[in-house]
Amino acid sequence: MIKAIIVDDEQPAIDTLKWELNMHCNELEIVSAFTSSQAAIKAIDQHKPDVVLLDIEMPEMDGFQLLEKVSYNNFDIIFTTAYDEYAIKAFRLDAIDYLLKPIEKDELCKAIGKVKRNKINKNLGANLKHILEGKFLYHEYENHSNYKIALPMDQKILLVSPNNILYCESDGSYTYIIMTNGKKHMISKNLKQLAKQLSDQYFIRIHQSFIINLNAIKKYHQGNGGEVILNNGDTLPVSRSKKQDLLKFIFN
């Protein structure tokens, strides 16, 4: 029997999903369901489910923040929310099931079938590991003109093209993303976590507080570490420890 926990801030959505699962997934037991993210975290650690069906947009904390707080992580994750078709296809490239509301019966059964196979093959938790490492939305889309990365913000996910990122600035557990169009977004990832999502071919960390898009460099002024001037006129420091890495990119 597959043990499942449902997390969604809307009770009607929970009720609908329960009905669908009870009707079409005989080998699944719904251990519990929660509208509270904090309560769900405790229940996941206590009941150790095989799968968590999780909404992303929730007021208390988003789905990604919830997953970062659980201690038990040997379970599959199925996102249940409303996002565009492009995002759904991109998630599925990395075996992360993403069900669009209203959820279709066939898609739901397919996702639960995958959990069942993973349980039999003792492979539960593999897609959760990808999520926590920030590797989702990467693969074939990296060199695709429509390739985007997912950046978790407060109660939503921002899908952006890396080409449109000018630089990233650390702010403790959060990061500011400065875009080429002048917009500035704060995301709920630190700079180290974000670096895992950005290609080493186009982005480089020049300082403890900054990652820059190499294509955005306009000038480099040498010094102890030096500083870079970007296309928008912003001047950023280069630490001594990162200077040689930057020079390799500039002169290769």
Side-chain angles (χ1 to χ4, degrees), residues 1-22 24-83 87-88 91-92 94-101 103 107-137 150 152-157 173 187-190 193 196:
M1 185 70 72
I2 297 170
K3 295 193 298 182
I5 284 179
I6 301 172
V7 187
D8 196 305
D9 65 305
E10 297 181 354
Q11 187 61 47
I14 290 177
D15 295 339
T16 300
L17 185 53
K18 277 185 175 181
W19 186 88
E20 291 285 353
L21 290 168
N22 289 328
H24 307 297
C25 305
N26 297 327
E27 297 181 32
L28 183 140
E29 174 194 0
I30 302 172
V31 176
S32 196
F34 300 91
T35 55
S36 165
S37 299
Q38 293 289 357
I41 291 169
K42 294 179 181 178
I44 290 169
D45 290 336
Q46 177 184 351
H47 295 292
K48 297 178 172 51
D50 299 311
V51 61
V52 173
L53 296 104
L54 174 66
D55 189 17
I56 292 180
E57 291 185 289
M58 297 183 290
E60 194 174 1
M61 67 180 74
D62 65 39
F64 291 100
Q65 291 170 323
L66 182 151
L67 292 175
E68 289 174 350
K69 292 180 182 296
V70 296
S71 298
Y72 179 75
N73 56 18
N74 192 31
F75 61 88
D76 278 356
I77 186 73
I78 299 175
F79 288 123
T80 59
T81 189
Y83 269 96
I88 296 168
F91 269 98
R92 286 179 181 159
D94 211 4
I96 297 170
D97 278 296
Y98 193 112
L99 302 178
L100 183 66
K101 297 176 182 178
I103 296 170
E107 294 297 329
L108 177 62
C109 292
K110 190 184 300 182
I112 297 301
K114 189 182 297 181
V115 175
K116 180 181 177 181
R117 291 192 298 275
N118 286 343
K119 184 173 182 178
I120 292 171
N121 296 327
K122 302 186 185 305
N123 196 34
L124 288 173
N127 66 357
L128 177 58
K129 182 180 179 183
H130 282 293
I131 295 169
L132 294 177
E133 290 180 352
K135 292 180 179 177
F136 51 90
L137 286 178
M153 299 174 65
D154 184 25
Q155 300 184 35
K156 64 180 178 180
I157 294 177
S173 299
I187 66 166
S188 52
K189 277 182 179 285
N190 61 39
Q193 292 170 320
K196 293 178 181 179

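One-based numbering along the sequence shown.
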Exercise. Does the K119 side chain pair with the main chain of M1, one donor and one acceptor, at a distance under 3.5 Å?
Worked result: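 Here the side-chain-to-backbone pair exists.
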Look up atom [atom1] in [X] and atom [atom2] in [Y], then write down how far apart they are to the nearest 0.5 Å.
{"X": "N74", "Y": "I44", "atom1": "CG", "atom2": "CD1", "value": "13.0 Å"}
{"X": "N121", "Y": "L124", "atom1": "CG", "atom2": "CG", "value": "9.5 Å"}
{"X": "T80", "Y": "L17", "atom1": "OG1", "atom2": "CG", "value": "6.0 Å"}
{"X": "L67", "Y": "M61", "atom1": "CG", "atom2": "CE", "value": "10.5 Å"}
{"X": "L99", "Y": "F79", "atom1": "CG", "atom2": "CZ", "value": "11.0 Å"}
{"X": "D15", "Y": "E20", "atom1": "CG", "atom2": "CD", "value": "12.0 Å"}

For this session: Report the C-alpha separation of I6 and V52 in whole Å, then their side-chain angles, then the decisive distance to 0.1 Å, and conclude whether the side chain to side chain contact (heavy atoms under 4.5 Å, CB included) test is met.
Result: CA-CA 6 Å; I6 301 172; V52 173; over 6 Å; no
Problem set entry | Intermediate values then yes/no, salt bridge (charged side-chain N to carboxylate O under 4.0 Å, His left out), K69 and D45 | CA-CA 10 Å; K69 292 180 182 296; D45 290 336; over 6 Å; no
For this session: State, yes or no, whether a side-chain contact exists between L54 and M58 at a heavy-atom distance under 4.5 Å.
Result: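 Contact flag for L54/M58 side chains = yes.
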Exercise. Hey, are D50 and K3 close enough for a salt bridge, meaning a charged N less than 4.0 Å from a carboxylate O?
Worked result: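 Salt bridge between D50 and K3, a charged N being under 4.0 Å from a carboxylate O: no.
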Problem set entry | D76/K116 salt bridge by N-O under 4.0 Å criterion |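 A salt bridge is absent here (no side-chain N lies under 4.0 Å from a carboxylate O).
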Exercise. What residue among I14, I30, L21 forms side chain to side chain contact (heavy atoms under 4.5 Å, CB included) with L53?
Worked result: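 Among I14, I30, L21, the one that satisfies the side chain to side chain contact (heavy atoms under 4.5 Å, CB included) with L53 is L21.
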